[in-house]
Amino acid sequence: MDTEKTMGQADMTSAKKSSTGITRRSLLKKMGIAGATAVATTAAGTVAANVSGENATEFGDAVGEFFQDHYQKMSKQEIEEALARLERQYKRKYGVEVKVDNTPPQPNVLYGYALNISKCKGYRKCVDACVTENNQSRDPQVQFIRVLEMNKGSMNLEESDHYYNPELVPQEGKFYLPVQCMQCENPPCVNACPTKATWKEPDGIVAIDYNWCIGCRYCMTACPYWARHFNWSEPEIPQEEINPVTHYLGNRPRPKGVVEKCYFCVQRTRKDQQPACQEACPTGARVFGNLLDPKSEIRYILENKTVFRLKEDLGTEPKFWYFTD
Amino acid sequence: MKALLERKKRVGLVMIGLIFCALWFPLFAAEEEDEEEEEEEISIPMEEILSFEKHAPAFMVKLRKEEELDAFPCMDCHEDEEPNPTERELEEDHEDLVLEHGGGRFWCITCHHLEQRDYLTSLKNKRIDFDQSYRLCGQCHFQRQKDWFFGGHGKRVGNWKGDRELYLCTECHNPHSPAIEPIPPNPPPKVRKGLEYVPTKHHKHVNVWEKYLPNQNKEEDHGH
């Protein structure tokens, strides 16, 4: 019954369309596009006039930012303009010469992370290194890594303690489970994003274009790992603590009202460096590397250790494994 | 005739010379061999090194003996002293040493070479360089050593790509008391504004969870 009805409606619509030749909807759409193009062309002219050279004004940059396209749609020149614009904006805002680069993914590289929970002692050294490296807001605090204190013999995340603060760690009967973005191969956050502001890069990093994010936080609800964080207010970073080496998809200072998360230190790892959390970990619990290189440490761990992934049953295929000795 | 005699004489001289050399040659050769043998005797021969090291991806270690060990070279002090292998109360520079490794079953010379103090020693009394201490540790901790060679234990420093540089065992573990003591953690994250710590009743220890406060804070600035 239902099928017939639907088919009938469809027929009617097509009949209506063919009789007039143009629907109301398509007419409005065409008019909208034409109008927007006209505005954009005028504005782009203004922007071009303003952007060229060092005399770019704050207003010019604001207009340029407004008309900036999606990262994946921008031409090489447009990206370069966007990077220069961001550098000027950061200079104005923080008084620091921030370098925003756009290092492309390396060929034949797929990043993976392994973490030895027998070795993690809950020092939170990785958390602090991450905050410093990635220009994360100090107040309100945004932290990509959440170290959970867990009861030994249990994997019940609901009984974990994120705010543990004993005098000494590790505590008797506890183990520590750091959780951050798992750079899922099948990322639910990417599927949830209505503006396609987040996507999976060829090297496996799930990136965010902070200029394209509208702050709807759908991705945060979709993420089963609590890996995404929202900038509820203007991020505060002391001027002297700003890390000036940044990447467009990585640690460039974020504005208020966008979502951010761990991106495996894209500004470092695409230049062969280790992520900041790996470098800071004093126990050597963290192993980072290329999953496509059969001689890499991460491959040795995946092939020789008992590994597991968090909430594996959800089918998100995280590229972040936990293992024990 | 005279010429023939002269010739014989000359040949004879050459022969004597040759015999002389032939007699001496093995002596020289033997001396060289001795040196090689001696070197082999004091260092671990390659064939005795566990195959893991040969099959592991190439690596280098962050050197320690010159850079980190204050008292190195040890022979600066030990040269003038007669080696004393007997177990005793340690004095002078070594009185602070706590020897917990092995639960009291070890003495200095279990790991340190008795005569050549600038080296460690293997169980078969072969010399081991301080910067190759993993060969010493691996004699007992072979499973850890295997993991270390391949990247499952220990820490890689420098880049994830290119040359592998590893920390030596002693970079993290004090070889005299290798267990790592607990330390204070870095401060916990702040609870988001408008939220408070709520102990969860399931937890036996004082624990926390985030829960919305009643609306009393509504008038405050919700900056977060």
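The figures here come from the full heavy-atom set of this structure, side chains too, leaving out hydrogens, waters and symmetry mates. Protein chains get the first letters and strands the later ones, always in sequence-line order, with residue 1 at the start of each. This is a predicted model, so every value here is computed, not measured.
- Heavy-atom minimum distance, A:Arg124 versus B:Asn186: NH1-O, 2.7 Å.
- Residue A:Tyr218 qualifies as open at atom OH: its count of foreign heavy atoms under 6.0 Å is 12 or below.
- For B:Asn84, the CG atom sits in a packed shell: over 12 heavy atoms of surrounding residues, nucleotides or ligands are nearer than 6.0 Å.
- Applying the 6.0 Å contact sphere to CD of A:Glu303 captures more than 12 heavy atoms from other residues, nucleotides or ligands.
- Other residues, nucleotides and ligands contribute over 12 non-hydrogen atoms within 6.0 Å of the NZ atom of A:Lys93.
- Looking at A:Gln273, the atoms closer than 4.5 Å to chain B (heavy atoms on both sides) sit in the backbone and in the side chain alike.
- Of the listed residues (A:Asn304, A:Asp272, A:Thr283, A:Asp325), the greatest number of heavy-atom pairs within a distance under 4.5 Å of chain B belongs to A:Asp272.
- A:Glu297 and B:Gly151 make their closest contact through CG-CA, 3.3 Å (heavy atoms, listed as atom of the first residue, atom of the second, distance).
- The minimum heavy-atom distance linking A:Tyr163 with B:Pro189 is given by the pair CD2-O, 3.4 Å.
- When A:Val287, A:Ile298, A:Val109 are each tested for a side chain to side chain contact (heavy atoms under 4.5 Å, CB included) with B:Trp160, only one passes: A:Val109.
- Heavy-atom minimum distance, B:Lys190 versus A:Arg138: NZ-O, 4.4 Å.
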One pair to check against side-chain contact (heavy atoms from CB on, under 4.5 Å): B:Arg192 and A:Trp232. What are the steps and the verdict? CA-CA 10 Å; B:Arg192 283 220 317 258; A:Trp232 288 94; 4.2 Å; yes
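- Interface residue A:Tyr111: only side-chain heavy atoms are found under 4.5 Å from chain B.
- Heavy atoms of A:Thr269 lying under 4.5 Å from chain B belong to its backbone as well as its side chain.
- Of all heavy-atom pairs spanning A:Phe323 and B:Gly152, the tightest one is CE1-O, 4.1 Å.
- With chain B as partner, the option from A:Lys271, A:Lys295, A:Gln106, A:Arg268 having the largest number of non-hydrogen pairs under 4.5 angstrom is A:Gln106.
- In this structure, no portion of A:Asn231 lies under 4.5 Å from any heavy atom of chain B.
- Here the closest non-hydrogen pair linking A:Gly122 and B:Pro185 is O-CB, 3.7 Å.
- Under 4.0 Å is where a charged nitrogen must lie from a carboxylate oxygen, and between B:Asp147 and A:Lys305 at least one such pair does.
- Within the 4.5 angstrom heavy-atom criterion, only side-chain atoms of B:Pro57, from C-beta onward, approach chain A.
- No more than 12 heavy atoms of other residues, nucleotides or ligands shown are found within 6.0 angstrom of CZ on B:Arg105.
- When heavy atoms are compared at a cutoff of 4.5 Å, A:Lys119 approaches chain B solely by way of its side chain, counted from C-beta outward.
- Other residues, nucleotides and ligands place more than 12 heavy atoms under 6.0 Å from the CD atom of A:Glu240.
- Residue A:Val147: no heavy atom, backbone or side chain, is found under 4.5 Å from chain B.
- Contact annotation for A:Pro282: only backbone heavy atoms (N, CA, C, O) come within less than 4.5 Å of a heavy atom of chain B.
- Interface check for chain A: of the options B:Glu171, B:Glu181, B:Arg144, B:His153, the most heavy-atom pairs under 4.5 Å are formed by B:Arg144.
- For A:Gln274, the parts lying under 4.5 angstrom from a heavy atom of chain B are both the backbone and the side chain.
- With hydrogens and angles left out, the side-chain atoms of A:Gln278 and B:Lys155 include no donor and acceptor closer than 3.5 Å.
- By the 4.5 Å heavy-atom criterion applied to side chains, B:Pro182 and A:Val169 are not counted as neighbours.
- The environment of B:Asp163 atom CG is sparse: at most 12 non-hydrogen atoms of other residues, nucleotides or ligands sit within 6.0 angstrom.
- Residue B:Glu81 qualifies as enclosed at atom CD: its count of foreign heavy atoms under 6.0 Å is above 12.
- The part of A:Tyr300 that comes within reach of chain B is its side chain, from C-beta onward, which places non-hydrogen atoms under 4.5 angstrom from that chain.
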